[in-house]
Every structure is written in structure tokens, then in C-alpha cells.
*Asks:* 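Below is one structure. I have some questions about it.
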2 protein chains.
Amino acid sequence: MDTGPKIAQVAALIGDPARANMLSALMDGRTLTASELAYVSGVAPQTASGHLAKLSDAGLLALAKQGRRRYFRLASPHVARVLEGLMVVAQEGPARQRNLWRGGETLRHARTCYDHMAGRIAVAIADRLVQQSFILLDEDGGQLTDAGRSFFDELGVDLRLVSRRRVFCRPCFDWSERRPHLAGAVGAAILRHALEHDWVEHVRDSRALVVTPVGVRELATTFGIEGAPPTDGCKGPVASLSRGRAAVIPI
Amino acid sequence: MDTGPKIAQVAALIGDPARANMLSALMDGRTLTASELAYVSGVAPQTASGHLAKLSDAGLLALAKQGRRRYFRLASPHVARVLEGLMVVAQEGPARQRNLWRGGETLRHARTCYDHMAGRIAVAIADRLVQQSFILLDEDGGQLTDAGRSFFDELGVDLRLVSRRRVFCRPCFDWSERRPHLAGAVGAAILRHALEHDWVEHVRDSRALVVTPVGVRELATTFGIEGAPPTDGCKGPVASLSRGRAAVIPI
DNA sequence: TAAATACTTCGGTCAAGACCGTAGTGTTTC
DNA sequence: GAAACACTACGGTCTTGACCGAAGTATTTA
């Protein structure tokens with residue numbers, strides 16, 4: 001079968017910097033308007049419109065019209081996983097500027113990854129849960145133990161949405177830490193809990209999460225984790241609209 | 001962080017038809033020479049050489065020199081997973097010619113997917129194992145049960161390589177059947193067993209697998225599966241070297 | 001040593017498509 | 001109804017890079 005050309009079509013769509021920026025911006029599961037996506041991708045609205053049409057036609061984005069706006073989001077978790085995977089491969093690729101981050105310290109500390117958390121904090125949480133035998137994890141998958149279920153019950157994390165007999169979780173290779181964090185239903189539940197209880201907050205127009213004072217305290221008591229980010233000069237995204245070809249926009 | 005441009009770089013590499021054909025051809029885990037890859041990708045050796053250099057530089061392919069030949073293989077399972085994911089997304093994309101296969105009936109029936117089996121047979125095996133409670137499987141992961149371990153032990157499937165306390169398996173969304181089959185360590189073990197016991201054989205220069213008479217019998221008695229492929233006119237890949245831009249090569 | 005094989009480098013051609021200015025359409029606000 | 005807003009369609013420019021012919025470098029075979 002000609003799978004080659006098929007995957008080439010999809011990959012080529014993701015392979016344009018402007019479109020990749022758009023998809024990255026949607027990786028946290030939000031829905032954004034065409035204008036917002038034009039902004040984050042660093043191109044003019046007309047250009048963005050064309051890109052978005054292609055992405056929608058190909059089934060990578062889902063579109064909801066509302067009045068004069070068009071809201072876009074990733075069409076499926078499968079799309080998010082492909083993007084995840086590309087980040088991993090991009091990261092493990094050549095030895096080049098592997099630790100070169102453009103104002104990315106905040107992102108490296110904590111961020112969303114579609115529907116769950118990623119970054120140092122997320123890896124630390126995963127490590128802790130494994131160490132306590134609350135979850136079992138290896139390369140191919142993971143599972144919540146009975147002890148783990150009790151732990152989350154006491155914590156008040158809502159796992160009802162995922163409580164079939166077994167609760168599996170999925171390791172998601174963290175491109176910044178190069179170690180797995182928790183994805184899947186359990187990962188999503190943890191992020192939901194953290195947001196609802198103000199442990200972390202979204203940074204506007206970014207996938208970054210900041211750990212609140214409450215979060216620092218709770219992460220310490222609950223997981224024994226140092227939640228405060230290392231202080232450095234550059235935090236938060238710097239909006240820089242450029243002319244010419246789609247440029248690197250720190251998200 | 002500028003993850004957008006990074007994933008764009010990798011995606012753009014996969015996004016060229018010639019390179020996508022090369023990667024697809026390597027999806028079964030084989031190592032192929034530059035010449036062979038030039039052939040399957042439908043371009044001249046000089047062109048292929050350039051493509052292969054790019055793929056190696058980016059860390060998508062691993063290279064082994066041997067005499068005057070260069071052997072290439074996928075650099076890591078992560079690369080295979082990205083390709084897997086792209087197939088899924090490409091498949092679920094637009095409603096277009098979803099069931100249009102070019103001589104792909106054989107592939108649809110049984111094929112390799114990096115290190116495990118895919119296609120109708122593989123999905124049927126997964127279904128059966130789930131139905132018998134030998135494995136537990138959901139969207140996020142899967143696990144071998146004690147009964148399942150016994151089953152494989154009796155069958156003589158070698159799971160020693162993967163026998164930590166828990167044996168997880170990974171669902172891999174089958175792009176032809178649109179349902180999951182078994183990947184990960186367990187899936188790999190099944191394929192290994194099937195090849196060693198002559199249940200299936202590789203089709204030359206293809207990812208397709210043919211089920212042998214032995215295989216038909218064994219699949220029936222072991223899994224209650226009809227292993228024989230539906231008969232139709234077109235089977236096997238048709239090598240068609242074309243001139244001009246890299247064309248669709250049935251692999 | 002000569003010839004064949006496997007692959008790479010260089011140079012020039014050519015097509016695809018990303019980009020934006022201009023000019024639209026549809027929707028909301030005043 | 002007019003103006004502002006969100007987005008789209010069209011047309012022309014310009015860069016990127018895929019492609020192959022020809023020539024060159026290793027390596028093996030004769």
C-alpha cells in the first residue's frame with residue numbers, strides 16, 4: 001500500500017514552520033481563533049487562513065464557527081500524539097543545541113501537553129508515584145495500583161471518569177527532561193485537579209504553567225517536590241511579530 | 001520554547017514523498033542499503049543519497065557502513081511511533097478514498113509494523129486475547145494477565161526478554177482496520193514467534209506477510225482465527241520505477 | 001592494474017508553495 | 001445604514017529544495 005505518500009502529505013502539513021507553530025499552540029487542548037493562530041504563527045491573517053484551511057481539510061484541526069469567528073482545535077488526540085512524538089524525535093535527534101532554550105525556562109519547568117502536564121514538575125510527580133508504588137510504569141505502558149487508587153481518592157482526584165476495572169496510564173516521553181511523565185486518563189486527571197485547586201495556572205498565550213504558592217506547598221506535602229521554579233532572567237513568552245517568512249515565535 | 005520550528009524540521013523531513021517512502025520501507029525494522037532505498041523511493045541514487053544524508057543528520061536514521069555499502073535503519077522506536085501515528089492521522093483524516101488500496105489487499109491482511117504485526121490478522125489476535133482475558137487493553141495501555149502469561153508460556157512464546165514483574169503491552173492503532181492491535185514487547189514477541197514457527201513469511205521487498213498453510217492451521221487452533229486471506233486479483237507489490245518527481249511506489 | 005560497484009558531490013533546471021497586498025464576503029456593533 | 005471586525009479569495013513575487021546528468025571518491029572483484 002502506498003502509506004508513504006499518505007504520511008508524507010500529513011507530515012508536509014506539519015512540516016511548515018507557520019503551521020507547526022499553530023499546531024504547537026493548540027497542543028494544550030485550547031481552542032483558538034484564526035486571528036490568534038495567525039499571531040502565534042507569525043504570519044499575516046491571509047496566509048494563516050490558507051494554512052488553517054489546509055489543516056482542517058486534512059483532518060488535523062476541527063473547526064467551530066461562532067459568529068464571525070472561527071475556533072480551531074486539534075481534531076483528535078491522535079494528532080496530539082503525533083506532535084508529541086515529533087518533539088521527542090526532534091529532541092533526541094542530533095546533539096546540536098540541545099539545551100538552548102529561548103526564554104523557555106518557564107516551559108521547561110511546567111507546561112501542558114495536550115491534556116496533561118509536562119516538564120520538570122510532571123516528571124518529578126511521575127517519579128514519585130512510581131517510587132511509592134502508586135503506579136507501575138515502563139516503556140510500553142503503565143497502570144494504577146490499588147494503593148495508587150486509594151492515594152488519588154484521598155487526594156480528591158477525580159478518577160471516576162476513567163474508572164473501568166483497570167486504570168491504565170500512558171508514559172509520554174518528555175522532550176525537555178528526556179524522561180517519561182504521565183499522560184492518558186491519569187495524567188489528565190492530575191492536571192485537572194491541579195488547575196481546579198489552583199496549584200498551577202495557565203500563562204496567557206502560552207503552554208507554560210506557573211506553580212502558585214498554594215501549589216508549591218501542596219506539591220511539597222503531597223509529593224515531596226520542590227515546586228518553585230529556579231529563578232532566572234527570562235520567563236514568559238516574548239511576542240515578536242516579524243515580517244517575512246514565518247519566524248521562530250517563542251510559545 | 002520554540003518547539004514549533006523543531007517539530008517542523010522533523011516533519012518536513014518526513015513530508016517529502018521520496019523520504020516518506022524510504023521511512024515506510026524501513027518501518028518493518030529491516031536495514032536496507034542506499035541503493036535499495038533509492039529504488040523503493042523512486043528516485044535516482046544521487047537524489048536518494050542526499051535524502052539519506054538529511055535523514056541521518058537529523059537522527060531519524062542510523063547508518064552502518066560495511067564495505068562499499070551503507071546500511072540504513074530507523075534510528076529508534078520513537079521514529080517508528082511517529083510514523084505509526086502519522087499513518088493513523090492520515091487514515092482518519094478526510095473521508096476521501098479511504099478504502100482505495102493499490103494492490104494492498106495482502107498488506108491489509110497481514111504486515112509488519114516495525115517490530116510487531118498489523119492488519120486484519122493482528123487485530124483479530126488482539127481481539128481474541130482480550131476476549132479470553134489474556135490481556136487487558138484500553139486506549140491508554142494494556143497488560144498481560146496471569147492467565148495470559150500462562151497461555152503464552154504453554155504456546156512457547158518467549159516472553160523472558162520482557163518479564164519484569166509486569167508485562168505491559170501497547171495498543172497500536174491499526175490504520176487499515178481502524179482498531180487497535182498489539183504493539184510493544186508482547187506484540188514483538190508474537191511476531192517473533194510467528195516467524196520462527198513459520199506461521200507467516202515476509203514478502204520480499206515489502207512489509208506484507210503471507211500466512212503459510214501451517215499458519216492457517218495454527219491461527220485457527222490457537223486463536224480461532226481464519227488465517228487465509230480473502231482471494232482477490234491483486235496481491236504483492238508492483239515495482240514501478242518512474243521518472244520525474246518521486247511517485248507513488250506500492251510498498 | 002583495470003574494471004565494476006556503491007555511493008557522493010557539484011551544478012543547473014524547474015516546480016511547488018509560502019508570503020503578502022488588494023479586494024472581497026459575512027457578521028456584529030453603533 | 002455605516003463602520004468596524006473576522007475571515008477568505010485572488011494574483012503576483014520570490015525562495016526553497018527536489019531532481020538528475022556528469023563527474024569524482026572509496027571499495028571490491030577480475
Side-chain angles (χ1 to χ4, degrees), chain A residues 4-5 8-23 31-58 60-73 240-249, chain B residues 4-5 8-23 31-58 60-73 240-249:
Chain A
Q9 259 184 320
V10 176
L13 280 172
I14 307 174
D16 174 80
R19 288 193 293 258
N21 277 327
M22 291 173 172
L23 292 166
T31 65
L32 297 176
T33 67
S35 305
E36 290 168 323
L37 288 166
Y39 178 74
V40 298
S41 64
V43 295
Q46 316 91 296
T47 307
S49 177
H51 285 316
L52 290 169
K54 283 180 190 176
L55 291 171
S56 300
D57 287 348
L60 297 198
L61 294 185
L63 165 62
K65 303 183 191 186
Q66 210 174 95
R68 59 187 169 188
R69 313 206 172 187
R70 323 216 123 181
Y71 288 91
F72 293 88
R73 60 178 167 77
S240 70
L241 251 190
S242 71
R243 286 275 141 176
R245 291 254 157 170
V248 171
I249 301 289
Chain B
Q9 257 182 323
V10 176
L13 281 172
I14 308 175
D16 174 79
R19 288 192 293 257
N21 277 327
M22 291 172 171
L23 293 167
T31 65
L32 297 176
T33 66
S35 304
E36 290 168 321
L37 288 166
Y39 178 75
V40 298
S41 64
V43 296
Q46 316 93 296
T47 307
S49 176
H51 286 315
L52 290 168
K54 284 182 189 175
L55 290 171
S56 299
D57 287 349
L60 298 197
L61 294 185
L63 164 63
K65 304 183 192 185
Q66 211 172 93
R68 58 188 170 189
R69 313 205 170 187
R70 321 218 126 179
Y71 289 91
F72 293 89
R73 60 178 168 76
S240 69
L241 251 190
S242 71
R243 286 275 141 175
R245 291 254 156 173
V248 171
I249 302 288

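Hydrogens, waters and symmetry mates play no part in the numbers below; they use all other heavy atoms, side chains included.
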*Asks:* Ignoring the backbone of Arg70(A), work out which of dA18(D), dC19(C), dT8(D) is nearest its side chain.
*Replies:* dT8(D)
*Asks:* Counting heavy atoms from C-beta on, name the nucleotide in dC19(D), dT9(C), dG17(C) closest to the side chain of Val43(B).
*Replies:* dC19(D)
*Asks:* To the nearest Å, give me how far apart CG (Leu55(B)) and P (dT8(C)) are.
*Replies:* 12 Å
*Asks:* Specify the separation, in whole Å, of atom CD of Glu36(A) and atom C1' of dA6(D).
*Replies:* 12 Å
*Asks:* Which atom pairs, donor and acceptor, lie under 3.5 Å between side-chain atoms of residues 63-73 of chain B and protein residues at least two apart or in another chain?
*Replies:*
none

*Asks:* Under 4.0 Å: is that the gap between some side-chain N or O of His51(A) and OP1 or OP2 of dG17(C)?
*Replies:* no
*Asks:* Going by side-chain hydrogen bond (donor to acceptor under 3.5 Å, both in side chains), name the residues that satisfy it together with Thr47(B), two or more places apart in sequence or in a different chain.
*Replies:* none
*Asks:* Atom CD of Gln46(A) to atom P of dA9(D): distance rounded to whole Å?
*Replies:* 12 Å
*Asks:* Of all the choices, dC19(D), dA4(D), dT8(D), which nucleotide is nearest to the side chain of Ala18(B) once you look at every atom?
*Replies:* dC19(D)
*Asks:* Grab the CZ-C1' distance between Phe72(A) and dA6(D) for me, whole Å please.
*Replies:* 11 Å
*Asks:* Distance-only, no hydrogens or angles: does the Ser56(A) side chain make a donor-acceptor pair with backbone N or O of Leu52(A) under 3.5 Å?
*Replies:* yes
*Asks:* Please check: side-chain N/O of Arg19(A) versus main-chain N/O of Ala12(A), any donor-acceptor pairing under 3.5 Å?
*Replies:* yes
*Asks:* Between Ser49(A) and dT8(D), is there a contact of a side-chain N or O with OP1 or OP2 at under 4.0 Å?
*Replies:* yes
*Asks:* Could you state the CE-C1' distance from Met22(B) to dC19(D), rounded to the nearest angstrom?
*Replies:* 12 Å
*Asks:* Roughly, in whole Å, what's the span from CD1 in Ile14(B) to P in dA18(D)?
*Replies:* 14 Å
*Asks:* Mapping Arg69(B) and Ala53(B) to their closest nucleotides on DNA chain C, which lands nearer the 5' end?
*Replies:* Arg69(B)
*Asks:* Compare side-chain N and O positions of Thr47(A) against OP1 and OP2 of dA18(C) and report whether any pair is under 4.0 Å apart.
*Replies:* no
*Asks:* Quick check for you: to the nearest 0.5 Å, what is the distance between Leu60(B) atom CG and Ile14(B) atom CD1?
*Replies:* 5.5 Å
*Asks:* Any idea which of dT28(C), dG17(C), dT8(C) is nearest the Arg68(A) side chain?
*Replies:* dT28(C)
*Asks:* Expressed as a whole number of angstroms, how long is the span from Leu32(A):CG to dA6(D):C1'?
*Replies:* 15 Å
*Asks:* If you look at every strand shown and take non-hydrogen atoms under 4.0 Å, does Lys65(B) touch a base, only sugar-phosphate, or nothing?
*Replies:* nothing
*Asks:* Roughly how many Å is it from OH in Tyr71(A) to P in dT27(C), rounded to a whole number?
*Replies:* 15 Å
*Asks:* Indicate whether OP1 or OP2 belonging to dA18(D) is found under 4.0 Å from a side-chain N or O atom of Arg19(B).
*Replies:* yes
*Asks:* 5'-most contact on DNA chain C: Gln66(A) or Ala12(A), nearest heavy atom basis?
*Replies:* Ala12(A)
